[in-house]
Amino acid sequence: MDGGFLLVLSGPSGSGKGTVSEALMKNNDDIIFSTSVTTRTPRPGEVNGENYFFATREEFEEMVEKGELLEYAFVHTNYYGTPKKFVFDEIEKGEIVLLEIDVQGALQIKEKYKEAVFIFLIPPTMDELKSRLVKRDTETEDEIETRYRNAFKELDFVGEYDYFVINDVLENAVSSIENIIAAEKLRVKRHKDIKKEVQAEEERDKWLYHLLKN
Ligand code: ADP
Ligand code: 5GP
């Protein structure tokens, strides 16, 4: 089986990317989160190397210069980027690598990696988005306002994505993404040796087992 691919999840701040990603990874062992590097300061409770790799502006610029990032962008008021090596290593192992990144980063990935899958997470309403940002209580009033204003601009890019998912009831949003992943796993283009897989009896059994298991 081939199998690994990039799963890009974008959506306005507060649309629920973090919450949805966490639920997805709880249920699906083959989805691996790509931890980004950022110059933003950690929020209370955030762990370096887990939520993000927190870096200084100089450290971030050095990574850019050395070509260590798959994509990067200036989002709201800080730099964010995806370390390249981790992503390639995991895809090579057949994992689905989840990138929770903004639209600018997603467009860079789209230019370079045609086989990536792009999902845009949408809040049920803009009022609900605002109220989730306020309730999350992780930003100042000004920062919330910046994120809310940027949300309108980000929504303009939904047409660049393969799928949209509305995050109204969390469980429904998660299962929609699981359905997308299930369909993507069955794309013929992701199984370059599909004839061989079917023809060789032993391989075929393995293939059917894998399909049934997932
Ligand atoms: P993002 O990662 O896109 O910025 P979060 O995952 O932090 O968004 O979600 C923003 C806030 O909304 C959090 O407080 C989270 O608990 C809440 N939230 C996420 N999804 C839902 C949902 N489906 N229904 C209600 N609240 C939600
Ligand atoms: P936050 O500061 O709320 O964690 O994230 C702010 C925004 O940065 C979110 O829209 C998030 O998707 C985006 N982001 C996080 N990591 C990356 C990354 O590696 N690259 C890009 N381009 N955006 C990212």
Side-chain angles (χ1 to χ4, degrees), residues 6-26 33-55 60 63-64 68-87 97-113 116 118-140 142-155 157-158 160-161 164-177:
L6 281 176
L7 184 70
V8 175
L9 181 66
S10 303
S13 181
S15 58
K17 299 178 298 296
T19 310
V20 165
S21 299
E22 208 176 292
L24 267 176
M25 285 181 296
K26 213 185 245 173
F33 186 73
S34 157
T35 304
S36 299
V37 190
T38 183
T39 57
R40 106 155 144 63
T41 44
R43 293 177 186 141
E46 281 187 330
V47 177
N48 190 23
E50 219 172 87
N51 305 85
Y52 283 105
F53 293 106
F54 295 99
F60 193 95
M63 290 184 85
V64 172
E68 290 174 5
L69 301 179
L70 198 61
E71 60 73 37
Y72 70 95
F74 192 71
V75 190
H76 308 311
T77 50
N78 283 291
Y79 280 103
Y80 296 81
T82 303
K84 196 186 274 177
K85 186 177 181 311
F86 176 83
V87 169
V97 182
L98 176 59
L99 305 187
E100 204 190 295
I101 61 176
D102 87 313
V103 292
Q104 306 170 73
L107 292 176
Q108 293 172 42
I109 300 280
K110 198 175 167 189
E111 280 285 301
K112 291 188 253 179
Y113 305 100
F118 297 86
I119 303 177
F120 198 93
L121 197 64
I122 297 184
T125 63
M126 294 309 275
D127 279 353
E128 173 65 13
L129 179 75
K130 183 72 161 279
S131 106
R132 286 183 191 173
L133 283 171
V134 171
K135 264 195 235 152
R136 186 171 70 184
D137 197 25
T138 47
E139 279 87 22
T140 62
D142 276 357
E143 285 168 337
I144 290 177
E145 207 39 58
T146 306
R147 280 164 161 72
Y148 183 67
R149 250 185 292 112
N150 284 346
F152 289 89
K153 295 183 208 152
E154 285 166 305
L155 281 166
F157 287 89
V158 64
E160 300 288 338
Y161 286 70
F164 73 93
V165 170
I166 298 173
N167 181 21
D168 190 349
V169 176
L170 179 66
E171 292 72 22
N172 294 348
V174 172
S175 82
S176 293
I177 296 178

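Counting convention: from 1, in listed order, for ligands and their atoms alike. Remember, it's a predicted structure, so these values are computed and weren't measured experimentally.
Using a 4.5 Å heavy-atom cutoff, the side chains of Y80 and I101 are not in contact. Looking only at side-chain heavy atoms (C-beta outward), S15 and L121 come within less than 4.5 Å of each other. I119 places a side-chain heavy atom less than 4.5 Å from the side chain of I177. Taking the side chain as every heavy atom from C-beta outward, N78 and V75 never approach each other to under 4.5 Å.
E145 and K130 are joined by a salt bridge, as a carboxylate oxygen and a charged side-chain nitrogen come within less than 4.0 angstrom of each other. Ion pair K84/E71 not flagged as a salt bridge, since none of the NZ, NE, NH1 or NH2 atoms sits closer than 4.0 Å to an Asp/Glu carboxylate oxygen. Residues K26 and E22 are not paired through a salt bridge, judged by the lack of any N-O separation under 4.0 Å between the basic side chain and the carboxylate.
At distances below 3.5 Å, at least one donor-acceptor pair connects side-chain atoms of N48 with backbone N or O atoms of F54. E128 places no side-chain N or O within donor-acceptor distance of the main-chain N or O of T125, the cut-off being under 3.5 Å. The backbone N or O of Y72 sits less than 3.5 Å from a side-chain atom of Q108, completing a donor-acceptor pair. Proximity of a side-chain donor or acceptor of K110 to a complementary backbone N or O of E160 within less than 3.5 Å is detected.
The nearest heavy-atom contact from the protein to atom 4 (O) of ligand 2 is Y52 OH, 2.5 Å. What sits closest to atom 6 (C) of ligand 2 on the protein, heavy atoms only, is Y80 OH, 3.5 Å. Annotation: atom 16 (N) of ligand 2 to nearest protein heavy atom, S36 OG, 3.1 Å. Of all protein heavy atoms, the one lying nearest to atom 3 (O) of ligand 2 is R43 NH2, 2.7 Å. Taking atom 13 (C) of ligand 2 as the reference point, the nearest protein heavy-atom neighbour is D102 N, 3.9 Å.
Ligand 2 places these atoms under 4.0 Å from at least one heavy atom of K17: 10 (O), 12 (O). Close approach of ligand 2 to T82 is summarised as follows: ligand atoms under 4.0 Å from at least one heavy atom of the residue are 19 (O). Remark: ligand 2 atoms within the under-4.0 Å shell around heavy atoms of G105 are 22 (N). Close approach to R40 involves these atoms of ligand 2, each under 4.0 Å from a residue heavy atom: 1 (P), 2 (O), 4 (O). With ligand atoms numbered from 1 in the order given, ligand 2 contributes 22 (N) to contacts under 4.0 Å with heavy atoms of A73. Every atom of ligand 2 is numbered from 1 in the order shown, and the set under 4.0 Å from a heavy atom of R147 is 1 (P), 2 (O), 3 (O).
Within the 4.0 Å heavy-atom cutoff, E139 does not count among the residues contacting ligand 2. Ligand 2 lies out of reach of Q108, whose nearest heavy atom is not under 4.0 Å from it. Using 4.0 Å as the threshold, Q104 has no heavy atom nearer than that to any atom of ligand 2.
Of the candidates T146, N150, D102, H76 forms a side chain to side chain donor-acceptor pair (under 3.5 Å) with just one, namely N150.
At under 3.5 Å, not a single nitrogen or oxygen of V75, backbone or side chain, sits near a nitrogen or oxygen of ligand 2. Residue E154 has no nitrogen or oxygen atom sitting less than 3.5 Å from a nitrogen or oxygen atom of ligand 2, judged on distance alone. For ligand 2, the polar-atom distance check against Y72 finds no nitrogen or oxygen pair separated by under 3.5 Å. Considering backbone and side-chain N/O atoms, E71 comes within less than 3.5 Å of an N/O atom of ligand 2. The distance criterion of under 3.5 Å between nitrogen or oxygen atoms is not met by S13 with respect to ligand 2.
For Y79, the ring pair (Phe, Tyr, Trp, His ring centres under 6.0 Å) test picks out F60, F74, with sequence neighbours left out.
Atoms CG and CG, on L99 and L70 in that order, are 7.0 Å from each other to the nearest 0.5 Å.
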Check: Passes side chain to side chain donor-acceptor pair (under 3.5 Å), R40 versus T38? Steps please.
Finding: CA-CA 5 Å; R40 106 155 144 63; T38 183; 5.3 Å; no
Next item on the list: Start with the C-alpha gap between L170 and V20, add the side-chain angles, then the distance that decides, and say whether side-chain contact (heavy atoms from CB on, under 4.5 Å) holds.
Entry: CA-CA 7 Å; L170 179 66; V20 165; 3.7 Å; yes
Pairs under 3.5 angstrom, nitrogen or oxygen on both sides, ligand 1 versus protein: list them out, please.
| from | atom 1 | to | atom 2 | distance (Å) |
| --- | --- | --- | --- | --- |
| ligand 1 | 2 (O) | G18 | N | 2.9 |
| ligand 1 | 3 (O) | G14 | N | 3.4 |
| ligand 1 | 3 (O) | S15 | N | 3.4 |
| ligand 1 | 3 (O) | G16 | N | 3.0 |
| ligand 1 | 3 (O) | K17 | N | 2.8 |
| ligand 1 | 3 (O) | K17 | NZ | 2.9 |
| ligand 1 | 4 (O) | G14 | N | 2.8 |
| ligand 1 | 4 (O) | R136 | NH1 | 2.8 |
| ligand 1 | 6 (O) | G18 | N | 3.3 |
| ligand 1 | 6 (O) | T19 | N | 2.8 |
| ligand 1 | 6 (O) | T19 | OG1 | 2.5 |
| ligand 1 | 7 (O) | R136 | NH1 | 2.8 |
| ligand 1 | 8 (O) | G16 | N | 3.1 |
| ligand 1 | 20 (N) | N167 | ND2 | 3.1 |
| ligand 1 | 23 (N) | N167 | OD1 | 2.8 |
| ligand 1 | 23 (N) | D168 | O | 2.9 |
| ligand 1 | 23 (N) | L170 | N | 3.4 |
| ligand 1 | 24 (N) | R132 | NH2 | 3.3 |

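Contact annotation for E46 and ligand 2: no heavy atom of the residue comes within less than 4.0 Å of the ligand.
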